[in-house]
Protein chains: 2
Amino acid sequence: MLLKYPHSNRVLVATDCIIFGFDGEELKLLVIKRNFEPEQGKWSLMGGFLNENEDLEVGAKRILHELTGLENVYMEQLHTFGEVKRDPVERTVSVSFYALINISDHDAELARSKNAYWQSLETMPDLIFDHGRMVQMALQRLRYKAALHPIGFELLPEKFTIPQLQRLYEAIYSQAFDRRNFSRKILSTKLLKDTGEKNEQSLTKKAILYRLDQERYQKQFNAFIHFISDF
Amino acid sequence: MLLKYPHSNRVLVATDCIIFGFDGEELKLLVIKRNFEPEQGKWSLMGGFLNENEDLEVGAKRILHELTGLENVYMEQLHTFGEVKRDPVERTVSVSFYALINISDHDAELARSKNAYWQSLETMPDLIFDHGRMVQMALQRLRYKAALHPIGFELLPEKFTIPQLQRLYEAIYSQAFDRRNFSRKILSTKLLKDTGEKNEQSLTKKAILYRLDQERYQKQFNAFIHFISDF
DNA sequence: TCAAAAGTGTTCCAATTACACCCATGT
DNA sequence: ACATGGGTGTAATTGGAACACTTTTGA
């Protein structure tokens, strides 16, 4: 490309990732205790600059991969933050993405080597720049989206029980649901396939392990499933 | 700011605006027949580059104002498009915004002077670059949002009738609603205030003109109103 | 045999749907 | 007086919320 636009204001573009995980109890985020400048010693989201000839999504997935070792992760663009002064070093437009990962799939050593830790949403430390706002917005979007689309599954292992799924939804919406109604509702979507196996870890009655019915999942994803009526 | 990041890839950032209007019959977009390069003679969204020391929202509002003369318009960030090759002249990251305006409020002469025309969504000409995708995404977002939040009003004059409002919703969702149920549902939100006036333009029975109850509007906006149950 | 968690069923209420009828207005 | 569009009412259906009982399992 030889001919360029005459307009002169070119800026840094970065990507920040809001990485959600679920440990069976709480919703968590993978955040970094920075051992590099700027804001060394403070907490931040994982981020990085966009490279030349790199699409936005590709850049975001690269950054996620650098921290977790994961590929093929559910990831969605959230919002672009472009306040002039948001980064005190130099103006940077940040395109944020949120990712839903199965917490046990990620490369814990790699994360550790980058100084990344899983922090509960409830006890999240203050984050640098506008990263706190990004997290708030991501949670809101997750609630929005998960009420209408079956994306919660992305946070669970391949095989999971209905009580596990319920604990996840309760964590997402900070709200308790009726066990019996929840079960009936989720089964009525026909999205779950009985694996025939049971959760052997349980101390009491062993719950049935289900997996996603991939075919129906694809079909129903863009159809609306009013799963959570109010939140 | 003297110290800068060492990273070298700085890119152009642009804003494109998807401007919705409603003429009482159809949902329309304000688009430009380009009399400038690149892609002269083709149709595109209104857009422009982000200036130095200009926030994203400010830039978007400036661009909207340049075309319509309007301020204080409902505008929401939609999505950021950053494919490397999306603009053949030079890599440009575009942050798109959609706006909802009352079509009769805008400065028609100004729009005309910029070669802008209202085009029905149904008969929209092909747009340059990825602008067609932007429009599709904006419509989807509008449907999403208008089902849960009372934003449709932004497209109507200050005083409007329930049948007008219904025609608007029918245009947004390309779907017919039952007149009686629609009326009951919208009135049950308590969002409308009877002005005491009637729509004198009507040839038959003159419908009651309502206006938004601003107080309730503010309150209920962030509460969920499940206005359209399925679409 | 008891406590804890999981699975299944039933009733009740509220909200949505599908309808029908009456009113106002200009031609 | 009639055609057109606007306003209001009601019965039937559905889906959600609330709640009780039984089963499995380890201690």
Side-chain angles (χ1 to χ4, degrees), chain A residues 23-25 146-148 150 156-157 159-171 173 175-211 220 223-231, chain B residues 23-25 146-148 150 156-157 159-171 173 175-211 220 223-231:
Chain A
D23 65 0
E25 292 289 329
L148 301 168
L156 292 176
K159 297 175 188 175
F160 54 87
T161 68
I162 291 181
Q164 276 175 349
L165 186 62
Q166 180 171 353
R167 279 190 288 276
L168 168 63
Y169 272 89
E170 292 182 333
Y173 295 100
Q175 182 185 141
F177 297 107
D178 183 273
R179 200 166 51 82
R180 297 151 288 193
N181 293 335
F182 184 89
S183 171
R184 184 155 23 83
K185 201 162 179 177
I186 198 77
L187 287 173
S188 77
T189 66
K190 309 274 187 188
L191 240 48
L192 302 192
K193 248 178 155 165
D194 190 331
T195 62
E197 296 169 66
K198 303 242 175 153
N199 179 16
E200 292 301 330
Q201 281 142 271
S202 170
L203 287 169
T204 63
K205 184 168 181 177
K206 284 144 176 52
I208 298 169
L209 283 163
Y210 293 89
R211 70 166 77 245
Q220 288 195 229
F224 281 80
I225 307 171
H226 292 276
F227 197 72
I228 306 299
S229 51
D230 263 310
F231 59 92
Chain B
D23 65 358
E25 292 290 328
L148 301 169
L156 292 176
K159 298 175 187 174
F160 53 87
T161 68
I162 291 181
Q164 276 176 347
L165 187 62
Q166 180 172 352
R167 277 190 291 275
L168 168 62
Y169 273 88
E170 293 183 332
Y173 295 100
Q175 184 185 139
F177 298 108
D178 183 274
R179 201 165 51 83
R180 295 149 290 194
N181 294 335
F182 184 89
S183 171
R184 185 154 21 83
K185 200 160 180 179
I186 198 75
L187 287 173
S188 76
T189 66
K190 309 270 187 192
L191 240 47
L192 302 193
K193 249 179 156 164
D194 191 330
T195 63
E197 296 169 66
K198 302 237 174 159
N199 179 15
E200 291 301 330
Q201 280 143 273
S202 170
L203 286 170
T204 62
K205 184 169 181 177
K206 283 143 177 52
I208 299 169
L209 283 163
Y210 292 89
R211 70 167 77 244
Q220 288 193 231
F224 281 81
I225 307 170
H226 292 277
F227 197 71
I228 306 299
S229 51
D230 263 309
F231 59 92

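Side chains included, hydrogens not; waters and symmetry mates left out as well; all remaining heavy atoms used. Chain naming here is simple, since letters A, B, ... match the order of the sequence lines and numbering starts at 1 in each.
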Specify the separation, in whole Å, of atom NZ of A:K198 and atom C1' of D:dT23. 10 Å

Gap between atoms CD and P, on B:E200 and D:dG5 respectively (whole Å): 18 Å

Nearest 0.5 Å please: distance from the CZ atom of A:F182 over to the OH atom of A:Y169. 6.5 Å

For A:R180 and A:S202, find the nucleotide of DNA chain D closest to each by heavy atoms; which residue's nucleotide sits nearer the 5' end? A:R180

Give A:I162 one of three labels, base, sugar-phosphate or nothing, depending on what nucleic acid heavy atoms sit under 4.0 Å from its own. nothing

Among the nucleotides D:dC19, C:dG26, C:dC19, which one has an atom lying closest to any side-chain atom of B:N181? C:dC19

Looking at D:dC21, D:dT8, C:dC19, which one has an atom nearest to any side-chain atom of A:R179? D:dC21

Answer yes or no: is there a donor N or O on one side and an acceptor on the other, between the side chain of A:T189 and the main chain of A:I186, under 3.5 Å? yes

At their closest point, which heavy atom of B:K159 faces which heavy atom of B:Q164, and how far apart are they? O-OE1, 4.3 Å

Does A:K206 place a side-chain N or O at less than 4.0 Å from the phosphate oxygens OP1/OP2 of D:dG26? yes

Nearest-Å distance for atom pair CG/P, residues B:L165 and D:dG7: 12 Å

Could you state the atom-to-atom distance from CD of A:Q201 to P of D:dG26 in whole Å? 13 Å

In whole angstroms, how far is the C1' atom of D:dG6 from the CD atom of B:Q164? 13 Å

In this structure, how many angstroms lie between the P atom of C:dT8 and the CD1 atom of A:I186, rounded? 15 Å

Between CD1 of B:I208 and P of D:dG5 the distance, given in whole Å, is 18 Å

B:Y210 vs B:T204, nearer the 5' end of DNA chain D by closest nucleotide: B:T204

Name the closest nucleotide to the A:K205 side chain, picking from D:dG6, C:dT16, C:dG7. C:dG7

For A:D178 and C:dA6, give me the distance from atom CG to atom P, rounded to whole Å. 14 Å

Output the single nucleotide from D:dG16, C:dG7, C:dT16 whose closest atom is nearest the side chain of A:P163. C:dG7

Using a cut-off of 6.0 Å, state whether more than 12 heavy atoms not belonging to B:K206 lie near its atom NZ. yes

Check: B:D194 and B:Y210 side chains under 4.5 Å, non-hydrogen atoms: yes

